[in-house]
Amino acid sequence: MLKILPIETKDEQARIMALCSIPYNVNALAYAAYDDEVLVGGAQFLLKGATCQLTDIRNADGVDDAEALFIMGRGLLNFVDLCGIHDAYVPNPEKIDDALLARIGFFANDEGVYYMNLRGFFTGKH
């Protein structure tokens, strides 16, 4: 069974990011995806003012599970939306698969910045 969980300690975040070949960012919040207790992916994001910046989302080394990454991406954005932050960006989209970003709901705006408006997204009012 797939579980998407927030990472609660910085030591655990550093360990999981290493297993996903993601550079650990002490300032970021993070989530992990597990399938039957096996780590399948990790994600890091920053809350900056009234915005969320998705900085990393990847499978654990040796794992190929795009569905888990999609669900984890949507889950962390739902958390961000519930916190009252409704604008999400991807500051370095070259680090994340374009198809995954599009599936999660990001699109390149007129300035070429990957953006997602979370207002009403999770309540069906968008």
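Note that the structure is a prediction, hence the values are computed from the model and not measured. Index from 1, following the sequence.
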* Shared ILVMFWY cluster between Met17 and Ile4, side chains joined below 4.5 angstrom? -> no
* Show your reasoning for whether side chain to side chain contact (heavy atoms under 4.5 Å, CB included) applies to Gln53 and Phe45. => CA-CA 5 Å; Gln53 294 183 2; Phe45 61 101; over 6 Å; no
* Asked: Does one hydrophobic cluster hold both Ile22 and Leu54, with members joined at side-chain heavy-atom distances below 4.5 Å?
  -> no
* Residues in salt bridge (charged side-chain N to carboxylate O under 4.0 Å, His left out) with Asp87, at least two apart? -> Arg119
* **Contacts of type side chain to side chain donor-acceptor pair (under 3.5 Å), residue Asp64, not counting sequence neighbours** => none
* side chain to side chain donor-acceptor pair (under 3.5 Å) involving Asp81 - partner list, sequence neighbours excluded -> His86
* Name all residues meeting the side chain to side chain contact (heavy atoms under 4.5 Å, CB included) criterion together with Asp97; count only those two or more places apart in sequence or in a different chain, and write none if there are none. => Ala99, Leu100
* Name all residues meeting the side chain to side chain donor-acceptor pair (under 3.5 Å) criterion together with Glu12; count only those two or more places apart in sequence or in a different chain, and write none if there are none. => Arg15
* Asked: Which residues pass the side chain to side chain donor-acceptor pair (under 3.5 Å) test with Thr51, sequence neighbours left out?
  -> none
* Structure fact -> The remaining residues in the hydrophobic cluster of Leu82, counting side-chain heavy-atom contacts under 4.5 Å among Ile, Leu, Val, Met, Phe, Trp and Tyr, are none
* salt bridge (charged side-chain N to carboxylate O under 4.0 Å, His left out) partners of Lys10, counting only residues at least two apart -> none
* Flag yes if Leu118 and Leu101 sit in one hydrophobic cluster, no otherwise; membership is Ile, Leu, Val, Met, Phe, Trp, Tyr, and two members link when side-chain heavy atoms are under 4.5 Å apart. => yes
* Structure fact -> Rounding to 0.5 Å, atoms CD (Glu67) and CG (Leu2) come to a distance of 8.5 Å
* If the plane angle is over 60° it's perpendicular, under 30° parallel, otherwise tilted; pick one for Phe79 and Tyr31. => tilted
Under 3.5 Å, which donor-acceptor pairs do the side chains of residues 68-78 form with other protein atoms, sequence neighbours left out?
unit_1	atom_1	unit_2	atom_2	d
Arg74	NE	Ile104	O	2.6
Arg74	NH2	Arg103	O	3.3
Arg74	NH2	Ile104	O	3.1

* **Candidate pair Asn92 and Tyr114, rule side chain to side chain contact (heavy atoms under 4.5 Å, CB included), full reasoning** => CA-CA 9 Å; Asn92 299 301; Tyr114 278 76; over 6 Å; no
* Asked: Heavy-atom count around Lys95 NZ within 6.0 Å, excluding the residue itself: above 12?
  -> yes
* Asked: With a 4.5 Å limit on heavy-atom distance, are the side chains of Phe107 and Met116 in contact?
  -> no
* Asked: In the single-linkage hydrophobic clustering (I, L, V, M, F, W, Y; side-chain heavy atoms under 4.5 Å), do Ile85 and Phe121 co-cluster?
  -> yes
* Will you find, in the side chains of Asn25 and Gln44, an N or O donor that is under 3.5 Å from an N or O acceptor? -> no
* Check the pair Val40, Tyr34 against side chain to side chain contact (heavy atoms under 4.5 Å, CB included), reporting the backbone distance first and the verdict last. => CA-CA 5 Å; Val40 294; Tyr34 297 91; 5.8 Å; no
* To do: Treating Ile, Leu, Val, Met, Phe, Trp and Tyr as nodes and any side-chain heavy-atom pair under 4.5 angstrom as an edge, say whether Phe106 and Leu29 lie in one connected cluster.
  => yes
* Residues forming a side chain to side chain contact (heavy atoms under 4.5 Å, CB included) with Glu37, sequence neighbours excluded -> Lys3
* Passes side chain to side chain contact (heavy atoms under 4.5 Å, CB included), Leu39 versus Cys20? Steps please. -> CA-CA 9 Å; Leu39 178 69; Cys20 297; 4.3 Å; yes
* Decide yes or no for Leu19 and Asp61: does some side-chain heavy atom of the first lie under 4.5 Å from some side-chain heavy atom of the second? => no
* What residues form a ring-ring contact (aromatic ring centres under 6.0 Å, His included) with Tyr89, not counting sequence neighbours? -> Tyr115
* Structure fact -> Rounded to the nearest 0.5 angstrom, the CG-CG distance for Asn117 and Asn109 is 11.5 Å
* With Asp36 via side chain to side chain contact (heavy atoms under 4.5 Å, CB included) - residues at least two apart -> Met1
